[in-house]
Amino acid sequence: MNWVTILWSANAATCLSLGSIQLLAWFHDRSKTDRLCFALAAFGTAGIATCELLMMQAESVAQFNPALRWLHAAAWVTFVSLIGFVHSHLHAGRLWLSSLAIATRSLSLLINFLLPINLNYREMFGLSHLQFLNQSISTANGIPSPWMLTGQLALTLFLLFVIDATITCWRRGDPRQSLILGGTIVFFVFAATLQVILVFWELFVSPITASLFFFGIVLAMGYALSRDLLHATQLTQELQHAERQSHAQTLELAHLSRIALLNELSASLAHELNQPLTVILSNAQAAQRFLAQPHPNYPELSEALQDIVTANHHASTVIQHLRTLFKKGPPQLQSLQINDVLLAALSLLQSDLRHSHTIVETHLAENLPPITGDRVQLAQVFLNLLTNARDAMAKQPTPKKIIVTTTLLPNLHIRVRVHDSGPGIPPHQLQQIFQPFFTTKIHGLGLGLGLCQSLLASHHSLLSAENHPNGGACFHFSLPSITHSNP
Ligand code: ADP
């Protein structure tokens, strides 16, 4: 089995794959410089492995020498990328030290290509063959070049840089991260440097296996990046959980706020129900009287019965709206006519608004396309806006007027506007009023507008407030119609 070929090829292939994955990840998020550095370091390591394999399989000095020369180019890429990785991932390391290391390494690369042979040999006599992993491989015989010391100086500076960055990271309170990454880089680079020195100064007979050491570094870097990814995934899950919880709490709050609002309206709602009941009673009594006559007046009897039916219908509509609003449950999206939802909310407030001498003027566009939404949530938005308008005009002299408008916009959104004739909103409070617990009312909670915003946000809409040039506050939002969503 050709173990050397298999091992070195597998090393190069793994580095290329890992590097490509991280390069793609970097393309998606260019701010993650450590991913780019990882990719380049992995590609550099694949280059070193390829050159080492070519050197081991060389049959002549003419084949060995170019492979060794280009190995330095690949090593330069790995070297610079590792420095970049340490800077960007550990957020540590002295810039002057890394710059000096890169400058020295670049100088040694330049010398490598300028010298007649290469950085490592002043003269090369030939190749010798030795058994390595049960395979015959080539190593070079020659006179070592003193220029090699520039490369080794660069590696020493690099080691100092990594040790310094590791200590900084450790002191900052991340011993695990600094130990895994910094420790691994220092260990493998030191081992690779030692081996290179021993082999080239002919103190130890072995092929150059720097790529295996760098492979260890690539794995440690990959582990550090995947830890970040795991951490990010964990954070995303926690965030999603928190979002779900916050959504559930918003719904709970919306329900409680609805109950509080209906409680506040209870007196006028009782009146709203009392009215049809009185109509029913008086018409039923009238009908009894008509029937008791010897010649019953049938047209009048029929009119009384019709009034009973109408009053009953009105009462059951109010009860139906109330039941819907009291109901607690998950939102139910359905196709809705926004004008119907608005009129239902107005019907609940009718007595209350009459009692506070407030006139409501409606300008509702006809034949509006339906929207998709939750009836209860949208009704709650209307109730909040209308009761806020009522409260704002509480101290105003009559006429107190609320103008509600629905319009179909050219982009097929339906714009809803609630404009009152109150004092308006002080300009510096235009944003504040949406913040939770902001209220200017004695018994206010300051949750209504914030809730309206959340409820509308789940309908892909945004509630805005402004002061109308003719006076009064104006709240508006636009809802996408079904026609817009399904062109
Ligand atoms: P609350 O009604 O409990 O005060 P909201 O969030 O509904 O809570 O309203 C917050 C504040 O926004 C109100 O206290 C009021 O100062 C201001 N506001 C809301 N609607 C109007 C309006 N139509 N005109 C003037 N101010 C308003």
Side-chain angles (χ1 to χ4, degrees), residues 246-247 249-269 325 341-342 345-346 348-350 352-363 374 376-407 415-459 461-479:
S246 148
H247 184 63
Q249 276 165 0
T250 305
L251 290 181
E252 184 75 24
L253 194 63
H255 181 248
L256 288 176
S257 151
R258 256 190 339 262
I259 303 291
L261 187 65
L262 293 174
N263 187 35
E264 182 199 320
L265 296 173
S266 55
S268 52
L269 284 170
L325 286 173
V341 183
L342 170 65
L346 276 174
L348 284 179
L349 287 176
Q350 221 170 30
D352 185 78
L353 294 172
R354 207 180 310 126
H355 184 71
S356 59
H357 308 287
T358 307
I359 305 162
V360 180
E361 204 176 288
T362 49
H363 299 280
D374 180 84
V376 178
Q377 291 185 351
L378 291 173
Q380 184 165 4
V381 170
F382 284 128
L383 288 175
N384 268 322
L385 295 181
L386 291 166
T387 49
N388 270 349
R390 175 205 63 192
D391 293 347
M393 296 186 294
K395 290 187 185 141
Q396 295 280 113
T398 44
K400 303 173 184 180
K401 199 183 206 180
I402 305 176
I403 306 172
V404 188
T405 320
T406 55
T407 329
R415 185 179 149 100
V416 179
R417 219 168 61 124
V418 179
H419 171 205
D420 61 56
S421 59
I425 303 156
H428 67 280
Q429 288 177 358
L430 273 170
Q431 292 305 318
Q432 261 179 306
I433 54 170
F434 293 104
Q435 282 169 12
F437 306 114
F438 176 84
T439 183
T440 53
K441 300 177 194 169
I442 298 172
H443 299 294
L445 287 175
L447 293 173
L449 289 177
L451 265 176
C452 287
Q453 247 187 353
S454 306
L455 298 177
L456 286 173
S458 60
H459 287 78
S461 185
L462 181 78
L463 180 64
S464 309
E466 61 192 24
N467 286 314
H468 198 274
N470 298 338
C474 184
F475 286 83
H476 54 90
F477 57 90
S478 301
L479 292 161

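This is a predicted model, so every value here is computed, not measured. Residue numbers count from 1 along this sequence. Only heavy atoms go into these numbers, but all of them, side chains included; no hydrogens, no water, no symmetry mates. For ligands, and for the atoms within them, numbers begin at 1 and follow the listed sequence.
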Item to check | Check: Leu449 N/O within less than 3.5 Å of ligand 1 N/O | outcome: yes

Next on the checklist: Tell me which one of Ile433, Asn384, Thr439 satisfies side chain to side chain contact (heavy atoms under 4.5 Å, CB included) with Leu449.
Outcome noted: Ile433

Next on the checklist: Can you confirm whether Gln396 sits close enough to Asp420 that some side-chain heavy atom of one is under 4.5 Å from a side-chain heavy atom of the other?
Outcome noted: no

Checklist entry - Any N/O of Ala392 closer than 3.5 Å to an N/O of ligand 1? => result no

Item to check | Top protein contact for atom 2 (O) of ligand 1, by heavy-atom distance | outcome: Lys441 NZ, 2.6 Å

Next on the checklist: If we only consider heavy atoms of Gly422, is any one of them less than 4.0 Å away from an atom in ligand 1?
Outcome noted: no

Checklist entry - Tell me: protein heavy atom nearest atom 8 (O) of ligand 1, and distance? => result Gly446 CA, 3.2 Å

Item to check | Nitrogen or oxygen of Gly448 less than 3.5 angstrom from that of ligand 1 | outcome: yes

Item to check | Proximal atoms of ligand 1 relative to Leu447 (non-hydrogen, under 4.0 Å) | outcome: 6 (O), 8 (O)

Next on the checklist: Within the 4.0 Å heavy-atom shell around Thr439, which atoms of ligand 1 are there?
Outcome noted: 1 (P), 3 (O), 4 (O), 14 (O)

Checklist entry - Of all the atoms in ligand 1, which lie at a distance below 4.0 Å from a heavy atom belonging to Phe438? => result 10 (C), 11 (C)

Next on the checklist: Within the 4.0 Å heavy-atom shell around Ala473, which atoms of ligand 1 are there?
Outcome noted: 22 (C), 23 (N), 24 (N)

Item to check | Shortest heavy-atom approach to atom 27 (C) of ligand 1 - which of Ile442, Ile425, Asp391 | outcome: Ile425

Item to check | Non-hydrogen side-chain atoms of Leu462 and Leu456 separated by less than 4.5 Å | outcome: no

Next on the checklist: Side chains of Leu386 and Val418, heavy atoms from C-beta outward: is any pair under 4.5 Å?
Outcome noted: yes

Checklist entry - Do Ile403 and His363 touch side chain to side chain, with heavy atoms closer than 4.5 Å? => result yes

Next on the checklist: With a 3.5 Å distance limit and no angle check, can you tell me whether Ser461 reaches the backbone of Ser478 through a side-chain donor-acceptor pair?
Outcome noted: yes

Checklist entry - Charged N to carboxylate O under 4.0 angstrom, Arg390 versus Glu264? => result yes

Checklist entry - Among all protein non-hydrogen atoms, which one is nearest to atom 23 (N) of ligand 1, and what is the separation to 0.1 Å? => result Asp420 OD2, 2.8 Å

Item to check | Enumerated ligand 1 atoms positioned under 4.0 Å from heavy atoms of Thr440 | outcome: 13 (C), 14 (O), 15 (C), 16 (O)

Next on the checklist: Checking a contact table here: which protein heavy atom is nearest atom 12 (O) of ligand 1, and how many Å away?
Outcome noted: Ile433 CG2, 3.3 Å

Checklist entry - What atoms of ligand 1 come within less than 4.0 Å of a heavy atom belonging to Leu445? => result 3 (O)

Next on the checklist: Is any side-chain heavy atom of Leu455 closer than 4.5 Å to one of Leu378?
Outcome noted: no

Checklist entry - Is the shortest heavy-atom distance from the side chain of Val381 to the side chain of Phe475 under 4.5 Å? => result no

Item to check | Identity and separation of the nearest protein heavy atom to atom 7 (O) of ligand 1 | outcome: Asn388 ND2, 2.9 Å

Checklist entry - Is any side-chain heavy atom of Phe437 less than 4.5 Å from a side-chain heavy atom of Leu447? => result yes

Next on the checklist: I'd like to know whether ligand 1 has Ala465 as a neighbour, heavy-atom separation below 4.0 Å.
Outcome noted: no

Next on the checklist: Can you tell me if Phe475 contacts ligand 1 (heavy atom of the residue under 4.0 Å from the ligand)?
Outcome noted: yes

Next on the checklist: With a 6.0 Å cut-off (strictly less than), is the heavy-atom count around NE2 of His468, excluding the residue itself, greater than 12?
Outcome noted: yes

Item to check | Ligand-side contact atoms (ligand 1) for residue partner Gly444, heavy atom cut-off under 4.0 Å | outcome: 3 (O)

